[in-house]
Amino acid sequence: MRIVVVGTSGSGKSTMAKALSKALGAPHIELDAINWQAGWRDLAVHEQHEFLRRVAEAAAGEAWVVDGNYTKVRAALWPRATAFVWMDPERWVVMRQVLWRSFSRAITRRELWPGTGNREQFRKWLDPEHPIRWAWTHWPANRARYGETFAGGAFEGRPVYRVASRRDGRHLIAHLAQAEALPI
């Protein structure tokens, strides 16, 4: 299986992708970990070819679970995907999750991606690009865009699983793990 997990900031993409990766025994690819370099250098903006190269290299295998919304690498991932997971909780759930995540990261001061030195900082919360503000302002547009893209529960003949709650997520993980275990 090659699964792409998408959704707005704070929707639970990385959490779902990690859980699916573990259940399926497939590598987890976090696009943010590839994109964000030391000092918050954004490869997708400053070195787009290098970002694309690294993503293509990471996703060269026959099984993976990737999370992220980077349209700049969609052409390298989506044609190879066998399924899509759209994380689509209600706005208040997204905001609760992104606030908690940002708060806990700022308090613990843990490095977000090993080797980058990048850490959450309270003083950045008001920046327009911060995930808290991004989630609030982009949630409606992202919901509409993915709703249109994935209308009918399929994308170019491949299944799309809409996850609106944690319960939906647990059921999907169990379903896909069982499907992967069935003999061909």
Side-chain angles (χ1 to χ4, degrees), residues 1-21 24 26-89 91 94-95 97-98 101-102 105 111-120 124 127-151 154-156 158-163 169:
M1 284 190 184
R2 292 180 302 278
I3 300 173
V4 171
V5 181
V6 296
T8 200
S9 295
S11 63
K13 292 182 303 295
S14 294
T15 300
M16 172 58 78
K18 287 174 191 171
L20 279 170
S21 171
L24 301 174
H28 171 227
I29 302 166
E30 182 183 10
L31 294 181
D32 279 343
I34 295 172
N35 180 60
W36 292 109
Q37 303 299 298
W40 292 101
R41 182 164 174 75
D42 186 344
L43 276 184
V45 170
H46 296 102
E47 296 179 53
Q48 187 174 350
H49 291 347
E50 179 61 12
F51 182 50
L52 180 57
R53 185 194 70 73
R54 290 181 188 190
V55 170
E57 181 180 297
E62 286 306 310
W64 39 258
V65 180
V66 65
D67 70 87
N69 294 315
Y70 293 84
T71 55
K72 292 176 180 175
V73 295
R74 185 177 286 179
L77 297 171
W78 286 37
R80 294 197 64 228
T82 58
F84 300 87
V85 175
W86 170 28
M87 301 302 292
D88 186 35
R91 190 182 212 174
V94 168
M95 294 313 299
Q97 290 175 173
V98 77
R101 179 184 73 188
S102 296
R105 286 176 173 178
E111 189 176 37
L112 300 180
W113 303 285
T116 64
N118 297 339
R119 291 177 168 77
E120 179 74 47
K124 297 285 189 179
D127 290 354
E129 300 295 313
H130 189 276
I132 293 172
R133 298 228 8 230
W134 186 268
W136 180 258
T137 59
H138 290 82
W139 181 87
N142 282 339
R143 177 175 254 192
R145 178 172 46 112
Y146 285 124
E148 184 178 308
T149 301
F150 297 140
F155 179 77
E156 297 179 350
R158 291 162 288 163
V160 173
Y161 303 98
R162 180 178 170 264
V163 175

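A donor-acceptor contact shorter than 3.5 Å links the side chain of Ser21 to the backbone of Ala26. A donor-acceptor pair under 3.5 Å links the side-chain atoms of Arg91 to the main chain of Trp136, judged by distance alone. With hydrogens and angles ignored, the 3.5 Å screen pairs no side-chain donor or acceptor of Arg80 with any backbone N or O of Arg2. Distance alone, capped at 3.5 Å, places no donor-acceptor pair between the Lys13 side chain and the Val5 backbone.
Taken to the nearest 0.5 Å, the CG atom of Asp32 stands 9.5 Å off from the CG atom of Asp42. Rounded to the nearest 0.5 angstrom, His28 NE2 and Ile3 CD1 are separated by 11.5 Å. Note that CZ of Arg158 and CZ of Phe150 are 9.5 Å apart. Values are rounded to the nearest 0.5 Å. We find the CG-OG1 distance between Asn69 and Thr8 to be 7.0 Å, quoted to the nearest 0.5 Å. Remark: Ser9 OG to Arg133 CZ distance equals 13.0 Å, nearest 0.5 Å. The line from CG of Leu43 to CD1 of Ile34 is 9.5 Å long, rounded to the nearest 0.5 Å.
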(request) Would you please test Met16 and Asp67 for side-chain contact (heavy atoms from CB on, under 4.5 Å) and show each step? (result) CA-CA 9 Å; Met16 172 58 78; Asp67 70 87; over 6 Å; no
(request) Please lay out, stage by stage, how Asn35 and Tyr70 fare under the test side-chain contact (heavy atoms from CB on, under 4.5 Å). (result) CA-CA 9 Å; Asn35 180 60; Tyr70 293 84; 3.3 Å; yes
(message) Leu31 vs Leu77, test: side-chain contact (heavy atoms from CB on, under 4.5 Å). Steps then yes/no.
(response) CA-CA 11 Å; Leu31 294 181; Leu77 297 171; 4.1 Å; yes
(request) Take Glu120 and Arg101, measure what salt bridge (Lys or Arg N to Asp or Glu O under 4.0 Å) needs, and give me the verdict at the end. (result) CA-CA 10 Å; Glu120 179 74 47; Arg101 179 184 73 188; over 6 Å; no
(request) Before giving the answer on salt bridge (Lys or Arg N to Asp or Glu O under 4.0 Å), spell out for Arg53 and Glu50 the whole-Å C-alpha distance, their side-chain angles and the decisive distance to 0.1 Å. (result) CA-CA 5 Å; Arg53 185 194 70 73; Glu50 179 61 12; 2.7 Å; yes
(message) If you apply the rule side-chain contact (heavy atoms from CB on, under 4.5 Å), what do you find for Trp134 with Asp127, and how did you get there?
(response) CA-CA 9 Å; Trp134 186 268; Asp127 290 354; over 6 Å; no
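Closest approach of Ala135 and Val98 over heavy atoms only: CB-CG1, 4.2 Å. Residues Arg143 and Pro89 come closest through the heavy atom pair NH2-O, 3.9 Å. The nearest pair of heavy atoms linking Thr116 to Trp113 is OG1-O, 2.7 Å. Heavy-atom minimum distance, Asn118 versus Trp40: OD1-N, 3.1 Å. Contact detail for Gly7 and Trp86: the closest heavy-atom pair is CA-CD1, 4.5 Å. Minimum heavy-atom separation, Ala76 to Leu52: CB-CD1, 3.7 Å.
Each of Tyr146, Tyr161, Trp78 was compared with Phe84 under the side chain to side chain contact (heavy atoms under 4.5 Å, CB included) criterion, and only Trp78 meets it.
Lys18 is not listed as a side-chain neighbour of Val65, based on a closest heavy-atom distance of 4.5 Å or more.
Applying the 6.0 Å contact sphere to NZ of Lys72 captures more than 12 heavy atoms from other residues, nucleotides or ligands.
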